[in-house]
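These notes concern the structure reproduced below.
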Amino acid sequence: SNWDPTSWSWVVTPSTIEYLEGTSSTSQDPKIKFLEVGTYSVELTATNSAGSDIEVKTDYIVAMYPAPVVNFEADYLSPTTIDTVSFTDLSTNFPDDWEWSVVPSTVTYVDGTTAESQNPRIVFDETGVYTIELTASNPAGSGTEIKTDYIDVREALSVIVSASTMEICNGETLQLFAEVSGGSGTYEYNWTSDPEGFTSSEPDPEVTPDVNTTYMVEVDDSEHIVEGEVEIVVNPLPEIDLIDWPETLCNQQEPPVQLQVSPEGGVFSGEHVTPQGVFSPEDAELGWNVISYTYQDENNCGATAQDSIFVDDCVSTVEFNQKNALVEVYPNPNSGIFTIKSNMVIDRLE
């Protein structure tokens with residue numbers, strides 16, 4: 001004022017203000033803080049001994065929030081590559097625009113969020129340490145917060161199931177393996193089977209299935225559960241039939257005997273028998289002679305059957321023709337009681 005007022009009266013509308021540094025509504029040069037966002041009108045009445053004058057400036061001050069002070073947090077600082085991490089914007093001064101940056105950039109925004117979302121949800125696709133940066137803005141400006149090496153991403157829990165062999169013969173034992181990696185490093189195992197009947201909490205149990213069986217395992221590291229399975233083929237053992245093996249043979253004048261079996265192609269073993277199954281009673285020991293037959297099929301599954309042939313101290317009952325003579329001895333073999341038949345007179349030898 002050019003007429004030297006001696007008093008002042010300030011009126012601010014709306015009145016959501018605060019006078020600072022000891023000034024007041026009657027100060028000549030007040031300092032004012034506007035407490036709410038909006039448009040303010042300012043009125044000044046200046047007075048001296050000659051009177052007073054009023055100046056009104058409508059919508060003179062536009063108050064807005066200052067630039068954001070940026071901060072944020074994540075709900076999981078040590079996730080695996082299958083975990084979703086939720087980020088929360090903690091910035092003050094009401095930002096209305098956000099820009100997230102992740103280094104390295106091997107991430108996926110999920111659940112409809114993006115790098116421009118206020119509170120994004122992120123899956124970190126690779127293991128390693130990630131730096132997170134957030135820039136938040138409002139009409140007054142922007143601010144940035146960088147958290148270096150903020151997220152440490154671990155390998156996700158996984159399991160690979162295998163076996164010492166995928167195909168066995170009935171009666172054989174094999175070992176199952178659960179190769180686990182990632183996760184917390186502390187694992188619990190739960191093995192089951194189909195058909196049902198097998199359970200185990202060991203990481204690498206032994207099993208003896210008697211039919212084709214699928215073995216399943218669940219691995220729990222207290223954070224996640226993963227599953228795996230392996231199928232084992234069980235081949236039956238071959239069935240061996242010993243066809244009409246003789247029970248008793250004589251050790252004199254007895255020709256070798258070809259032992260018959262089904263299926264053919266296996267190996268015979270025992271005293272006085274060839275690998276092909278020819279048994280020589282004249283060379284055998286008196287008494288029981290144990291003979292075994294072992295056969296292995298196309299699946300490398302083998303079986304063994306055995307029987308005994310009794311070799312007696314006797315003369316074989318053989319048929320022979322000499323000149324016009326015909327002599328028959330039967331039955332053959334026999335237990336010592338037999339019949340002799342001839343078309344000629346047989347003289348008794350003294």
Side-chain angles (χ1 to χ4, degrees), residues 73-87 102-111 121-132 147 149-239 294-304:
E73 66 179 8
D75 66 345
Y76 199 1
L77 300 184
S78 183
T80 71
T81 55
I82 60 174
D83 292 312
T84 297
V85 180
S86 296
F87 287 84
V102 182
V103 178
S105 60
T106 51
V107 298
T108 301
Y109 291 85
V110 297
D111 299 332
R121 289 169 57 81
I122 297 176
V123 174
F124 294 83
D125 300 325
E126 297 182 3
T127 60
V129 179
Y130 288 76
T131 294
I132 312 298
K147 295 190 177 183
D149 297 342
Y150 185 53
I151 304 294
D152 187 0
V153 181
R154 299 170 291 126
E155 180 185 355
L157 177 65
S158 64
V159 60
I160 298 174
V161 181
S162 61
S164 55
T165 179
M166 306 295 288
E167 186 171 347
I168 64 169
C169 300
N170 197 329
E172 292 180 344
T173 296
L174 60 94
Q175 189 165 16
L176 304 174
F177 301 99
E179 183 181 348
V180 183
S181 61
S184 68
T186 302
Y187 312 121
E188 292 184 358
Y189 302 83
N190 180 27
W191 287 94
T192 55
S193 66
D194 180 18
E196 297 181 351
F198 174 76
T199 60
S200 176
S201 59
E202 298 179 6
D204 304 318
E206 290 187 343
V207 293
T208 308
D210 53 12
V211 296
N212 292 353
T213 302
T214 299
Y215 293 94
M216 297 83 71
V217 66
E218 288 186 350
V219 181
D220 186 347
D221 72 342
S222 75
E223 295 177 348
H224 301 94
I225 295 177
V226 293
E227 300 176 347
E229 65 180 41
V230 63
E231 183 177 0
I232 304 301
V233 174
V234 180
N235 294 312
L237 301 181
E239 296 183 2
T294 300
Y295 176 80
Q296 194 169 49
D297 63 16
E298 65 276 7
N299 295 318
N300 292 322
C301 294
T304 298

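Applying the disulfide bond (SG atoms under 2.5 Å apart) test to residues at least two apart or on different chains, none of the pairs has a partner in residues 175-207. Counting only residues at least two apart or on different chains, the disulfide bond (SG atoms under 2.5 Å apart) pairs with a member in residues 163-232 are C169-C301. The salt bridge (charged side-chain N to carboxylate O under 4.0 Å, His left out) analysis of residues 153-163, with sequence neighbours excluded, yields the pairs R154-E223. Each side chain to side chain donor-acceptor pair (under 3.5 Å) pair with one or both residues in residues 205-218, not counting sequence neighbours, appears once here: T173-T208. Judged as a disulfide bond (SG atoms under 2.5 Å apart), not a single pair has a partner in residues 176-225 (not counting sequence neighbours).
Considering only residues two or more places apart in sequence or on other chains, V85 meets the side-chain contact (heavy atoms from CB on, under 4.5 Å) condition with A74, D75, Y76, P79, F87, F124. With sequence neighbours excluded, the residues forming a salt bridge (charged side-chain N to carboxylate O under 4.0 Å, His left out) with D111 are R121, listed by chain and number. Scanning for side-chain contact (heavy atoms from CB on, under 4.5 Å) contacts around P203 gives Y189, with sequence neighbours left out. Legend: residues meeting side-chain contact (heavy atoms from CB on, under 4.5 Å) with D204, ordered by chain and number and at least two apart, are Q175, F177. Residues satisfying the side-chain hydrogen bond (donor to acceptor under 3.5 Å, both in side chains) criterion with T165, sequence neighbours excluded, are absent altogether. Here T127 pairs with nothing under the side-chain hydrogen bond (donor to acceptor under 3.5 Å, both in side chains) rule; sequence neighbours left out. In terms of the ring pair (Phe, Tyr, Trp, His ring centres under 6.0 Å) criterion, residue partners of Y150 (sequence neighbours excluded) are, by chain and number, F72.
If you take CG on D152 and OG1 on T80, they are separated by 11.5 Å, rounding to the nearest 0.5 Å. The OG1 atom of T304 lies 13.0 Å from the OH atom of Y295; values are rounded to the nearest 0.5 Å. To the nearest 0.5 Å, atom CG of residue D220 and atom OG1 of residue T186 are 10.5 Å apart. In this structure, the separation between CD1 on I232 and CD on E172 is 11.5 Å, given to the nearest 0.5 Å. In this structure, the separation between CG on L176 and OG on S164 is 7.5 Å, given to the nearest 0.5 Å.
D149 and T131 make their closest contact through N-OG1, 3.0 Å (heavy atoms, listed as atom of the first residue, atom of the second, distance). Across all non-hydrogen atoms, the minimal contact from G183 to D221 is CA-OD2, 3.1 Å.
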